Engineer: 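Here it is: the structure, laid out below.
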2 protein chains.
Amino acid sequence: MPRPLIDLLWRDHPDAPAGGSRGPRASVSTGTVVAAAIRLADADGLGAVTVRRLAGELGVSTMSVYTHVNSRDDLLVLMADAVHGQLDRPSYGRLGWRARVRRLAEANLALLQAHPWLHEVRDDRTALGPGTIAKYDHELRALTPLGLDPVTCDAALTFVLDFVRAGARSLAPRPHAAELAEHWPEWGPRLAAYLGEDHPLAQEVGAAAGAAHDGATDPSFAWDFGLARVLDALAALT
Amino acid sequence: MPRPLIDLLWRDHPDAPAGGSRGPRASVSTGTVVAAAIRLADADGLGAVTVRRLAGELGVSTMSVYTHVNSRDDLLVLMADAVHGQLDRPSYGRLGWRARVRRLAEANLALLQAHPWLHEVRDDRTALGPGTIAKYDHELRALTPLGLDPVTCDAALTFVLDFVRAGARSLAPRPHAAELAEHWPEWGPRLAAYLGEDHPLAQEVGAAAGAAHDGATDPSFAWDFGLARVLDALAALT
DNA sequence: CGATACGTTGTACGGCGTACAGAGTTCATC
DNA sequence: GATGAACTCTGTACGCCGTACAACGTATCG
């Protein structure tokens with residue numbers, strides 16, 4: 001089924017090419033492949049989404065996956081668009097722009113926490129999908145009260161979402177945190193010895209920030225701080 | 001040479017363990033390996049930095065690389081720290097915080113444009129390296145005029161750098177832009193047909209933003225917009 | 001002179017994405 | 001009802017990847 005990606009993205013649309021009726025009925029579909037891949041990625045990360053493992057999960061042979069999806073890269077696009085489409089998009093009602101942007105940020109944070117692998121999917125073709133477009137439309141609506149022209153409005157949304165992505169990323173489990181933590185008892189003192197009295201500002205701030213990060217202070221301090229700054233930044237536009 | 005990463009990072013420090021004097025003189029060093037890897041990554045992207053290719057470039061066998069670097073993941077940390085260390089760090093002099101933050105942003109943009117593969121290196125262990133620490137120290141100095149407490153200062157720097165990273169990323173060549181452009185003549189109309197009259201706001205803004213992005217309007221609009229917002233956001237702190 | 005520590009190398013293993021050729025199944029058509 | 005096209009599914013194979021491991025060569029130390 002080498003249907004082009006655009007048709008796979010829109011496979012649920014009434015006008016999407018249906019695929020002929022000949023041949024054995026498919027035991028899985030593009031939709032089930034994508035759903036299984038999402039399940040895998042949610043559970044074990046994007047690295048676990050290999051064609052072989054996915055096929056095993058679905059109970060088909062490795063190469064059968066390629067009947068329903070053109071490549072692994074295409075699969076990632078389909079996965080991202082699928083989770084974008086599953087978001088609910090409640091009307092903003094009478095909410096002012098601040099509350100809307102807050103909602104927008106928190107919804108995206110929740111999305112990225114539910115599907116941390118989204119951080120690793122950076123493919124412009126995702127923007128062609130129905131889920132991604134619906135998300136975009138809904139998020140633009142959060143900014144309409146600001147009365148910006150289209151290009152500025154897009155830039156403002158990008159600004160907010162870029163902050164959310166970065167914030168979500170630093171809230172997420174870090175890739176090599178384990179190694180660092182494991183060797184820290186040995187490396188910490190060694191680092192201190194190398195540093196000596198150099199870079200006192202970095203040492204002071206780094207120590208304070210480090211203590212705050214895994215100490216009593218809220219580790220989401222940076223998130224709250226950043227979101228407040230984003231709102232300040234947009235306020236300056238009005 | 002299974003010296004731990006921390007010692008490889010600080011290999012130029014006088015107190016760094018030197019390694020015994022027995023055995024044949026090494027034909028390459030950790031430094032030359034890292035330099036060659038950076039050259040490769042700058043030229044052909046991180047994907048080109050394979051141990052085999054790197055060894056070929058250095059004129060040694062594949063496995064010899066592991067004499068000077070513990071693993072590919074470690075190598076990425078060493079590469080990132082090396083380019084961080086090569087930045088120059090001119091004193092900010094009498095500059096006010098706005099000009100400092102501008103400089104900071106532009107220096108990091110230049111860094112990420114010179115070494116786009118930095119976007120793909122996300123390893124907390126980089127923070128242990130002398131180059132990264134020196135960079136951190138210098139960047140904190142940009143924010144001192146704001147008179148923030150340490151934790152807030154760190155959060156503010158993170159806020160700025162996260163914006164810069166996102167902005168640099170969207171200015172950089174996109175991974176699958178080629179495929180998109182290639183199929184666009186066919187996919188564009190098909191997408192329009194699927195969309196119909198739906199999501200008029202997304203269609204309007206998307207079209208305007210798309211036209212601005214590759215049209216007469218500066219493609220760096222989002223950068224200028226974002227940087228202005230970041231400055232507004234920090235201004236609200238004072 | 002060993003003995004020792006170190007650099008270098010080739011082989012091999014288990015993974016990956018996927019090209020390709022063939023076999024089996026269903027349907028439209030004659 | 002037979003035929004062939006369209007379709008799904010499968011196994012094999014290729015060329016990559018990172019790297020564990022063992023063998024070998026070489027320079028210095030005791």
Side-chain angles (χ1 to χ4, degrees), chain A residues 1-3 5 7-8 11 17-33 36-37 40-41 44-79 120-121 123 175-176 179, chain B residues 1-3 5 7-8 11 17-33 36-37 40-41 44-79 120-121 123 175-176 179:
Chain A
M1 194 198 283
R3 274 188 284 174
L5 177 61
D7 292 324
L8 292 183
R11 62 192 180 279
S21 56
R22 280 187 255 225
R25 241 168 263 141
S27 61
V28 297
S29 67
T30 301
T32 59
V33 170
L40 263 178
D44 297 335
L46 248 206
V49 181
T50 71
V51 179
R52 283 172 236 261
R53 179 151 172 202
L54 184 54
E57 213 76 25
L58 289 163
V60 299
S61 76
T62 302
M63 291 308 291
S64 255
V65 170
Y66 289 103
T67 306
H68 307 283
V69 140
N70 298 306
S71 69
R72 186 178 185 273
D73 281 355
D74 277 21
L75 174 61
L76 300 188
V77 172
L78 293 165
M79 290 166 66
E120 299 165 61
V121 180
D123 191 318
H176 287 266
E179 264 107 318
Chain B
M1 196 197 287
R3 276 187 283 175
L5 177 62
D7 292 323
L8 292 183
R11 62 193 180 278
S21 58
R22 280 187 256 225
R25 241 167 263 140
S27 60
V28 297
S29 68
T30 301
T32 59
V33 170
L40 262 178
D44 296 338
L46 248 206
V49 181
T50 71
V51 179
R52 283 171 236 262
R53 180 151 172 201
L54 185 52
E57 214 75 26
L58 289 164
V60 299
S61 78
T62 303
M63 292 308 293
S64 255
V65 170
Y66 288 104
T67 304
H68 308 283
V69 140
N70 298 308
S71 69
R72 186 177 184 274
D73 281 354
D74 277 20
L75 174 62
L76 300 188
V77 172
L78 293 166
M79 290 166 66
E120 297 164 61
V121 181
D123 191 318
H176 288 265
E179 264 108 317

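Side-chain atoms are counted along with the backbone in the values below, which use heavy atoms only and exclude waters and symmetry mates. Here the structure is a predicted model, which means the values were calculated and not measured.
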Engineer: Consider the side chain of Tyr66(A), meaning its heavy atoms from C-beta on, and name the nucleotide among dT18(C), dC9(D), dC17(D) that approaches it most closely.
Structural biologist: dT18(C)

Engineer: Phosphate oxygens OP1/OP2 of dT8(C): is one of them under 4.0 Å from a side-chain N or O of Ser27(B)?
Structural biologist: yes

Engineer: Reckon Arg25(B) has a side-chain N or O less than 4.0 Å from the OP1 or OP2 of dA27(D)?
Structural biologist: no

Engineer: State which of dG11(D), dC16(C), dT19(D) makes the closest approach to the side chain of Ser61(A).
Structural biologist: dG11(D)

Engineer: Heavy-atom nearest nucleotide on DNA chain C for Ser21(B) versus Val65(B): which residue maps closer to 5'?
Structural biologist: Ser21(B)

Engineer: Just so I know, are the side chains of Met79(B) and Val121(B) near enough to count as touching, which here means a heavy-atom distance under 4.5 Å?
Structural biologist: no

Engineer: Would you give the length of the straight line joining atom CD of Glu120(A) to atom CG of Leu76(A), rounded to the nearest 0.5 angstrom?
Structural biologist: 9.0 Å

Engineer: OP1 or OP2 of dT10(D) sitting under 4.0 Å from any side-chain N/O of Ser64(A)?
Structural biologist: yes

Engineer: Look at the side-chain N and O atoms of His68(B) and state whether any lies under 4.0 Å from the OP1 or OP2 oxygen of dG7(C).
Structural biologist: no

Engineer: Expressed in angstrom and rounded to an integer, what is the separation of Leu54(B) atom CG from dT8(C) atom P?
Structural biologist: 13 Å

Engineer: Does the side chain of Asp73(B) come within less than 4.5 Å of Glu179(A)'s, by heavy atoms?
Structural biologist: no

Engineer: Would you kindly give the CG-to-P distance between Asp73(A) and dC16(C), to the nearest whole Å?
Structural biologist: 16 Å

Engineer: Nearest whole angstrom, please: distance from the P of dC16(C) to the CG of Leu40(A).
Structural biologist: 12 Å

Engineer: Would a 4.5 Å heavy-atom cut-off, applied to side chains only, mark Val28(B) and Val65(B) as touching?
Structural biologist: no

Engineer: Between Gly23(B) and Thr50(B), which residue's closest nucleotide on DNA chain D lies nearer the 5′ terminus?
Structural biologist: Thr50(B)

Engineer: For the side-chain contact (heavy atoms from CB on, under 4.5 Å) test, which of Thr67(A), Val60(A), Val69(A) pairs with Val33(A)?
Structural biologist: Val69(A)

Engineer: Any donor-acceptor pair under 3.5 Å joining the side chain of Arg52(A) to the base of dG15(C)?
Structural biologist: no

Engineer: Please report the distance, rounded to the nearest Å, between CG in Leu75(B) and C1' in dT19(D).
Structural biologist: 14 Å

Engineer: Considering only side-chain heavy atoms of Met63(A), which listed nucleotide, dC20(C), dT9(C), dT19(D), is closest?
Structural biologist: dC20(C)

Engineer: Choosing from dA12(C), dC9(D), dC7(D), which nucleotide comes nearest the side chain of Ala26(A)?
Structural biologist: dC9(D)

Engineer: Distance check needed: dG15(C) P versus Leu46(A) CG, whole Å only.
Structural biologist: 19 Å

Engineer: Side-chain N or O of Arg22(B) versus OP1/OP2 of dA27(D): is the shortest distance under 4.0 Å?
Structural biologist: no

Engineer: To the nearest Å, how far apart are Leu58(A) CG and dT10(D) C1'?
Structural biologist: 15 Å

Engineer: Would you kindly give the CZ-to-P distance between Arg53(B) and dT19(D), to the nearest whole Å?
Structural biologist: 18 Å

Engineer: Rounded to the Å, how far apart are Asn70(B) CG and dG7(C) C1'?
Structural biologist: 15 Å

